[in-house]
Amino acid sequence: MNPRLDAELLRALPVQVVSHRYEARDCMLYALGVGVGAGANEVDAAALRYVYEKQLRVLPTMAIILGVEGSDFLRDPRTGIDLARVLHGEVAIEMHGALPPGGVVRAETRICDLLDRGPQTGAVLKYERRLLHAEDGRLISVERGSYVLRGNGGFSGTVEPAAARSASPAATPALERDPDWRFVTRLSRRAALIYRLSGDFNPLHLDPEFARRMGYARPILHGACTFGSIGLDLIRHVCGDDPARLLRLGVRFSAAVEPGAVLETRVWRRAAGEAVFETRELDAGQLVLSRGVLGFAEMT
């Protein structure tokens with residue numbers, strides 16, 4: 001029987017505020033986890049900037065892992081959330097400043113909505129997380145997204161009508177023409193083993209027996225790792241290898257990705273500094289990231 005979700009408690013939770021101290025080595029480990037240097041015989045100068053303390057640059061997608069631990073309502077036993085069956089549904093970040101290579105940040109997380117999509121689909125929890133410099137309160141990023149609580153649907157007794165479901169934070173469809181950019185991302189078979197060291201220790205991404213119990217043939221990659229890997233290649237191909245030019249990035253996670261997968265991303269420019277994209281598993285052609293949106297600073 002599915003755990004009973006305490007929707008009233010979740011909706012009443014105040015904004016959760018957490019300070020997070022991190023170091024340069026955490027930035028380097030995150031970069032390795034999302035694929036910096038993977039498969040290369042020699043790390044080039046652009047990749048070296050993310051893993052070398054000399055003039056270290058921080059990938060902007062790292063913002064989504066800072067301040068999560070300690071403010072994580074998903075792990076609060078009072079809520080009734082079936083943590084083992086939680087999946088990331090969507091995520092979108094807006095960058096308002098660069099992440100420094102170490103320091104203290106403050107994360108402010110709030111629950112925005114809780115939707116009942118029935119016992120078969122589960123519940124959907126929408127959230128917002130603001131990341132700020134702890135010292136002076138300057139805004140670094142705003143993250144909006146959703147989690148699918150697959151084990152917690154049916155808590156209200158009334159399934160939310162499809163027509164009433166709010167739009168994704170990344171709800172722009174791809175364009176029906178040849179893409180302006182196309183690139184292939186080869187994920188390391190060790191990607192989940194490395195990425196989990198940045199803080200997400202869900203056994204779904206590591207333990208074959210646990211993955212089978214959850215309905216997967218083998219462990220799957222963290223959605224946030226796929227997000228960071230594609231973000232890295234978007235910086236390379238669209239932003240001229242300059243992470244400061246990435247201003248906004250959002251996706252919907254449409255299918256599970258396995259470590260070692262080969263992904264193809266197609267990107268269509270819509271206007272100055274705006275693009276949409278989608279990512280497919282190359283061999284099977286299965287859509288894994290949909291409704292991708294990218295905001296970037298144009299070269300001056």
Side-chain angles (χ1 to χ4, degrees), residues 9-31 33-34 50 56-79 81 83 86-114 124-149 168-170 195-202 205 222-229 231-232 243-244 246-251 253 293 295:
L9 185 150
L10 274 168
R11 288 176 172 139
L13 284 176
V15 174
Q16 296 178 301
V17 181
V18 171
S19 292
H20 186 130
R21 180 180 296 276
Y22 66 102
E23 301 175 354
R25 63 180 297 170
D26 300 309
C27 304
M28 300 175 200
L29 183 61
Y30 174 82
V34 300
Y50 302 118
L56 181 67
R57 304 290 294 274
V58 184
L59 287 166
T61 51
M62 185 178 171
I64 73 171
I65 72 167
L66 298 177
V68 174
E69 187 175 354
S71 69
D72 197 347
F73 42 80
L74 297 175
R75 290 173 170 80
D76 187 337
R78 299 175 302 159
T79 65
I81 290 175
L83 180 61
V86 172
L87 293 176
H88 220 151
E90 299 171 339
V91 65
I93 57 168
E94 298 173 0
M95 300 304 300
H96 294 262
L99 277 169
V104 182
V105 294
R106 185 173 79 248
E108 300 175 350
T109 305
R110 68 183 183 92
I111 294 172
C112 302
D113 207 353
L114 183 63
V124 174
L125 186 152
K126 294 180 178 288
Y127 68 90
E128 178 185 272
R129 180 178 293 111
R130 292 164 52 87
L131 196 66
L132 308 100
H133 292 276
E135 184 175 341
D136 57 15
R138 285 181 294 121
L139 183 63
I140 299 170
S141 65
V142 179
E143 173 190 348
R144 298 180 179 91
S146 67
Y147 292 105
V148 180
L149 315 181
S168 161
Y195 185 82
R196 68 190 299 268
L197 301 179
S198 288
D200 187 340
F201 295 101
N202 189 333
H205 309 297
H222 311 71
C225 182
T226 305
F227 177 74
S229 298
L232 172 63
L246 190 146
L247 306 178
R248 184 165 64 104
L249 181 64
V251 300
F253 300 105
V293 294

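Computed from a predicted structure; not experimentally measured. Residues: numbered from 1 along the sequence shown.
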Can you list, pair by pair, the side-chain donor-acceptor contacts under 3.5 Å of residues 133-142, counting residues two or more places apart and other chains?
from, atom 1, to, atom 2, distance (Å)
Asp136, OD1, Arg138, N, 3.1
Asp136, OD1, Arg138, NE, 3.4
Asp136, OD2, Arg138, NE, 2.7

What do you reckon, is CZ of Arg11 surrounded by more than 12 foreign heavy atoms closer than 6.0 Å? yes

For Arg129 versus Ile64, what's the shortest heavy-atom pair and its separation? NH1-O, 4.3 Å

Rounded to the nearest 0.5 Å, what separates atom CD in Glu143 from atom CD in Glu128? 9.5 Å

Does the side chain of Tyr30 come within less than 4.5 Å of Ile65's, by heavy atoms? yes

Working to the nearest 0.5 angstrom, can you tell me the gap between Arg21 CZ and Glu23 CD? 8.5 Å

Provide the closest heavy-atom pair for Ser146 versus Val124 in the form atom of the first, atom of the second, distance. CB-CG1, 4.0 Å

Under 3.5 Å donor-acceptor pairs involving side-chain atoms of residues 95-104, not counting sequence neighbours:
none

Phe73 versus Thr109, closest heavy-atom pair with distance: CE2-CG2, 3.7 Å

Specify the closest pair of heavy atoms between Val58 and Cys27, including all atoms of both residues, with the distance to one decimal. CG2-SG, 3.8 Å

CG of Leu10 to CG of Leu74, rounded to nearest 0.5 Å, is 8.5 Å

Using every non-hydrogen atom in the two residues, find where Leu114 and Leu149 come nearest and quote the distance to one decimal. CD1-CD1, 4.5 Å

Evaluate the side-chain contact (heavy atoms from CB on, under 4.5 Å) criterion for residues Tyr50 and Leu232: first the C-alpha distance (whole Å), next the side-chain angles of each, then the deciding distance (0.1 Å), finally the verdict. CA-CA 11 Å; Tyr50 302 118; Leu232 172 63; 4.2 Å; yes

Can you list the steps and then say if Val34 with Phe227 is a side-chain contact (heavy atoms from CB on, under 4.5 Å)? CA-CA 8 Å; Val34 300; Phe227 177 74; over 6 Å; no

Over all atoms of both residues, closest heavy-atom pair of Gly231 and Leu249: CA-CD2, 3.9 Å

For Tyr127, the ring-ring contact (aromatic ring centres under 6.0 Å, His included) test, sequence neighbours excluded, returns Tyr147

Distance (rounded to the nearest 0.5 Å) between Arg144 CZ and Glu90 CD: 13.0 Å

Rounded to the nearest 0.5 Å, what separates atom CG in Leu59 from atom CG in Leu246? 9.5 Å

Is a donor on one side and an acceptor on the other found under 3.5 Å between the side chain of His222 and the backbone of Tyr195? no

Can you tell if the side chain of His20 reaches within under 4.5 Å of the side chain of Leu131, non-hydrogen atoms only? no

Apply side-chain contact (heavy atoms from CB on, under 4.5 Å) to residues His88 and Val251 and explain how you reach the verdict. CA-CA 10 Å; His88 220 151; Val251 300; over 6 Å; no

Are Leu56 and Met28 close enough that some pair of their side-chain heavy atoms sits under 4.5 Å apart? yes

The reported gap from CD1 in Ile111 to CG in Leu13 (rounded to nearest 0.5 angstrom) is 5.0 Å

Could you go through the side-chain contact (heavy atoms from CB on, under 4.5 Å) check for Leu83 and Asn202 one step at a time? CA-CA 9 Å; Leu83 180 61; Asn202 189 333; 5.6 Å; no

